[in-house]
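One structure is given below, encoded as structure tokens.
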Number of protein chains: 4
Amino acid sequence: MFQLNLKDHSPLYQQIKEQMKTMIISGALKADEKIPSVRELAQMLTINPNTIQKAYKELEQEGFIYSIRAKGSFVTPRDNILKEVRINELMTNLEKTVRELIYVQVPCQQVVLYIKKLYAEEGSTADD
Amino acid sequence: MFQLNLKDHSPLYQQIKEQMKTMIISGALKADEKIPSVRELAQMLTINPNTIQKAYKELEQEGFIYSIRAKGSFVTPRDNILKEVRINELMTNLEKTVRELIYVQVPCQQVVLYIKKLYAEEGSTADD
Amino acid sequence: MFQLNLKDHSPLYQQIKEQMKTMIISGALKADEKIPSVRELAQMLTINPNTIQKAYKELEQEGFIYSIRAKGSFVTPRDNILKEVRINELMTNLEKTVRELIYVQVPCQQVVLYIKKLYAEEGSTADD
Amino acid sequence: MFQLNLKDHSPLYQQIKEQMKTMIISGALKADEKIPSVRELAQMLTINPNTIQKAYKELEQEGFIYSIRAKGSFVTPRDNILKEVRINELMTNLEKTVRELIYVQVPCQQVVLYIKKLYAEEGSTADD
DNA sequence: GTGGTCTAGACCACC
DNA sequence: GTGGTCTAGACCACT
């Protein structure tokens with residue numbers, strides 16, 4: 001389920017955050033679905049519960065999950081996510097990547113086709 | 001020339017790397033142009049030369065600059081850059097960003113138009 | 001009647017307390033009016049009776065309600081409330097809020113006008 | 001300097017946050033002034049550095065302090081604080097307190113005079 | 001020396 | 001059993 005890389009320079013809790021986000025975004029975790037409890041996941045990954053706690057707390061602050069005391073943590077339905085700020089960040093990120101793609105002379109058409117392919121994939125599985 | 005943000009939590013040497021890369025990619029620094037020496041830049045930014053050293057070392061490893069002993073450091077012409085690895089990284093990065101854009105329901109067309117606009121801008125100034 | 005927010009990190013029993021207090025203060029619940037029994041309210045909100053119990057117990061300790069065995073719980077008439085301690089708490093709270101308002105440079109007049117408006121509203125409906 | 005109450009139900013890190021905020025708001029700590037390092041304060045209060053860390057991190061997220069790696073933590077100048085959201089919270093808080101003051105029949109004039117007094121105090125010491 | 005990350009193990013409030 | 005808080009002690013990256 002999760003693959004942690006201890007050699008990587010990025011902190012464990014961020015790796016957990018990233019992978020959880022990926023699972024939510026990819027649709028592997030559905031809206032309002034329960035995610036593993038802090039202790040469960042800690043045991044699964046054989047790391048300290050505090051590290052999971054930190055990851056979950058930040059995921060909650062960023063709006064990807066919500067937690068209910070004595071119940072567990074759950075995936076925020078995507079329509080409830082505060083989108084505007086995030087979209088700005090994503091577009092800035094996109095711009096930076098594309099500018100470098102231009103620099104290394106990847107043709108426009110290749111990039112556009114790639115993006116259309118990604119949209120096509122998702123559109124058929126997760127739209128609606 | 002450089003704008004360092006001490007309050008930002010990203011390390012100074014990375015901020016320097018990023019800004020140097022931006023200047024190379026944007027064309028502000030031309031191929032084979034000399035960039036400031038470690039000591040010069042350290043003095044300009046009033047920070048420790050070790051910090052600059054680290055930034056330059058990584059830029060060289062990533063192929064953006066090359067250095068000649070007793071001469072200084074210079075911008076690698078873009079045709080000499082080892083592109084394949086970098087392109088892979090960029091495409092992976094692109095995929096992650098686009099998947100999240102899909103998740104927050106930004107329409108395909110908006111993304112594609114944005115990318116075409118970026119290509120158009122650069123095409124007229126730096127292409128060829 | 002009551003709106004519980006499970007995602008909120010404040011305990012359920014406090015949410016119930018707060019809302020009950022608000023209803024008493026606003027006049028929605030009159031003096032000596034009967035409030036729902038523990039079991040009734042638990043059923044209405046589909047939560048554990050213990051949680052309601054805890055809320056009622058604290059409301060009683062703070063003097064907002066009183067209970068009669070085998071009869072139920074009732075709203076304390078406002079003249080019977082032990083006011084002095086509570087007023088001290090409120091004034092301390094007020095001081096803290098106002099000091100921060102000063103810090104973020106909200107002008108005195110704006111605060112004063114706001115308070116006068118609140119008094120005017122209540123004065124016409126519930127005073128006397 | 002700091003007074004922690006171990007018996008209090010509120011977490012230690014929040015007590016630290018509150019007191020630090022009070023000191024910033026009261027002007028006891030000036031803009032860009034260095035506050036004690038994580039370890040220093042931990043030693044002063046004889047509590048664990050992690051607890052201080054948590055308090056500082058949240059204070060930084062809320063904009064009251066900023067930290068620079070390998071340098072320390074510093075007070076954010078008040079003009080740089082993101083005010084609008086905070087003002088809304090404060091006004092809501094104010095409303096709740098005032099409504100209860102009305103309920104326990106504290107006269108409007110007493111409240112208004114109290115607020116004017118607070119503004120007068122601050123105005124003479126910290127304005128400009 | 002500073003802030004940041006992590007562990008192992010404990011205790012608490014809530015439901 | 002769940003999330004949240006706390007301790008004691010360790011290690012790391014950065015400057």
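Here is how names work: the chains are called A, B, and so on, in the same order as the sequence lines, proteins then strands, and each is numbered from 1.
Nearest nucleotide to the A/Thr51 side chain, out of E/dG3, F/dT7, E/dC6: E/dC6. Comparing F/dG1, F/dT15, E/dG3 by their nearest atom to the side chain of D/Ser37 picks out E/dG3. When the nucleotides E/dG4, F/dT15, F/dG4 are ranked by their closest atom to the side chain of B/His9, E/dG4 comes out on top. The nucleotide whose nearest atom lies closest to any side-chain atom of A/Tyr13 is, among E/dC6, F/dG3, F/dT2, E/dC6.
Across the strands present, E/dC14 finds its partner in F/dG1; the criterion is a Watson-Crick or G-U wobble pair with both atom distances under 3.5 angstrom.
Judged by distance alone, with hydrogens and angles left aside, the side-chain atoms of A/Gln19 form a donor-acceptor pair with the main-chain N or O of A/Gln3 at under 3.5 Å. A distance-only check finds a donor-acceptor pair linking the side chain of D/Thr97 to the backbone of D/Asn93 [under 3.5 Å]. Looking at D/Gln15, its side chain does come within 3.5 Å of a backbone N or O of D/Asn5 through a donor-acceptor pair. For C/Thr76 (side chain) and C/Gly63 (main-chain N/O), a donor-acceptor pair under 3.5 Å exists by modelled atom type.
Under 4.0 angstrom from either OP1 or OP2 of F/dT5 there lies at least one side-chain N or O belonging to D/Lys54. A close approach under 4.0 Å does occur between a side-chain nitrogen or oxygen of D/Ser67 and OP1 or OP2 of E/dG4.
For A/Glu60 and F/dT2, the CD to P distance is 16 Å, given to the nearest whole Å. Atom OH in D/Tyr66 sits about 15 Å away from atom C1' in E/dG3, given to the nearest Å. Note: CD (D/Gln53) to P (F/dA8) measures 16 Å, nearest angstrom. A straight line from NZ of D/Lys71 to P of E/dG4 spans 15 Å, rounded to a whole angstrom. Rounding to whole angstrom units, CG of residue C/Asp8 and P of E/dC14 are separated by 13 Å. Rounded to whole Å, the distance from CG on A/Leu41 to C1' on F/dT2 is 14 Å. Distance, B/Lys7 NZ to F/dC14 P: 22 Å, rounded to whole Å. Atom pair A/Ile16:CD1 and E/dT5:C1' shows a separation of 12 Å (rounding to whole Å applied).
Between the side chain of D/Asn50 and the base of E/dC6 there is at least one donor-acceptor pair of N/O atoms closer than 3.5 Å. For D/Arg39 and E/dG3, a side-chain-to-base donor-acceptor distance below 3.5 Å is present, hydrogens and geometry of angles not being considered.
Using a 4.0 Å heavy-atom distance criterion, B/Ile47 is classed as making no nucleic acid contact. Across all strands, D/Tyr56 comes closer than 4.0 Å to no nucleic acid atom at all (heavy-atom distances).
For D/Lys83, the NZ atom is densely surrounded, since the number of other residues' heavy atoms within 6.0 Å is greater than 12.
Sequence order on DNA chain F of the closest nucleotides to A/Gly72 and D/Ser10 puts A/Gly72 first from the 5' end. For A/Arg69 and D/Glu40, each mapped to the nucleotide of DNA chain E holding its nearest heavy atom, the one lying further toward the 5' end belongs to D/Glu40. Judged by closest nucleotide on DNA chain F, D/Leu6 is the one of D/Leu6 and B/Leu12 placed further toward the 5' end.
In this structure the side chain of D/Val75 never reaches within 4.5 angstrom of the side chain of D/Phe64, judged on heavy atoms.
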